[in-house]
Amino acid sequence: MQTNEYSSAVADAERAVQERPGDSSAYEALGAAYFEVERYTEAKAALEQALRLNPASAAAYEKIGHIHYRLDSPPEQAVAAYERAIELD
């Protein structure tokens, strides 16, 4: 995807969250879109909201693991997120 396509994806995902605030998949999409434009803190917040709505989302845990890696968090944080994703998958 081109940068403008990612920006469009962010806008679409933000709109979806506003329209469906109780839909975990909308927050997962928002987190993924933020991740692609390197807005990692916002991505993590969106994915954490997705997990509050659906604690069994392996995809959200996996993406959080990627975020911890990108943010140079302590390695055990990324590992814990990846392990949880594997448990749920």
Side-chain angles (χ1 to χ4, degrees):
M1 260 195 225
Q2 301 293 329
T3 301
N4 60 343
E5 290 174 332
Y6 285 125
S7 296
S8 178
V10 167
D12 291 344
E14 288 173 337
R15 192 170 27 263
V17 164
Q18 290 175 351
E19 293 171 359
R20 300 184 319 270
D23 183 354
S24 66
S25 64
Y27 283 96
E28 285 184 37
L30 181 59
Y34 281 148
F35 182 87
E36 293 301 330
V37 295
E38 300 180 0
R39 292 168 59 179
Y40 301 125
T41 302
E42 292 164 289
K44 187 171 181 272
L47 292 163
E48 287 171 343
Q49 178 60 25
L51 287 170
R52 281 190 283 282
L53 295 168
N54 177 14
S57 173
Y61 278 108
E62 178 184 10
K63 189 62 81 177
I64 287 173
H66 296 330
I67 291 167
H68 282 302
Y69 175 77
R70 293 282 175 97
L71 291 176
D72 292 325
S73 299
E76 53 275 355
Q77 289 181 331
V79 169
Y82 290 135
E83 286 177 342
R84 186 67 179 134
I86 290 167
E87 290 171 9
L88 292 169
D89 196 20

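Atoms considered below: every heavy atom in the structure, side chains included; atoms not considered: hydrogens, waters and symmetry mates.
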(message) For residues Leu51 and Leu47: do they belong to one hydrophobic cluster (side chain heavy atoms under 4.5 Å, members Ile, Leu, Val, Met, Phe, Trp, Tyr)?
(response) yes
(message) Membership question, hydrophobic clusters at under 4.5 Å side-chain separation (ILVMFWY): are Tyr69 and Phe35 in the same one?
(response) no
(request) Could you grab the distance from atom CD of Glu36 to atom OG of Ser7, nearest 0.5 Å is fine? (result) 11.5 Å
Quick one: side chains of residues 58-67, donor-acceptor pairs under 3.5 Å with protein atoms, not counting sequence neighbours, listed by atom name and distance.
| residue | atom | partner | partner atom | Å |
| --- | --- | --- | --- | --- |
| His66 | ND1 | Tyr82 | OH | 2.7 |

(request) Could you grab the distance from atom CG of Asp23 to atom CD of Glu28, nearest 0.5 Å is fine? (result) 9.0 Å
Solution key, residues 9-16 side-chain donor-acceptor pairs under 3.5 Å, sequence neighbours excluded:
| residue | atom | partner | partner atom | Å |
| --- | --- | --- | --- | --- |
| Asp12 | OD1 | Arg15 | NH2 | 2.5 |
| Glu14 | OE2 | Tyr34 | OH | 2.7 |

(message) I'd like to know if Tyr40 and Val17 are part of one continuous hydrophobic network [Ile/Leu/Val/Met/Phe/Trp/Tyr, side-chain heavy atoms within less than 4.5 Å].
(response) no
(message) How close do Ala43 and Gly31 get, counting heavy atoms only, and between which atoms?
(response) CB-O, 3.3 Å
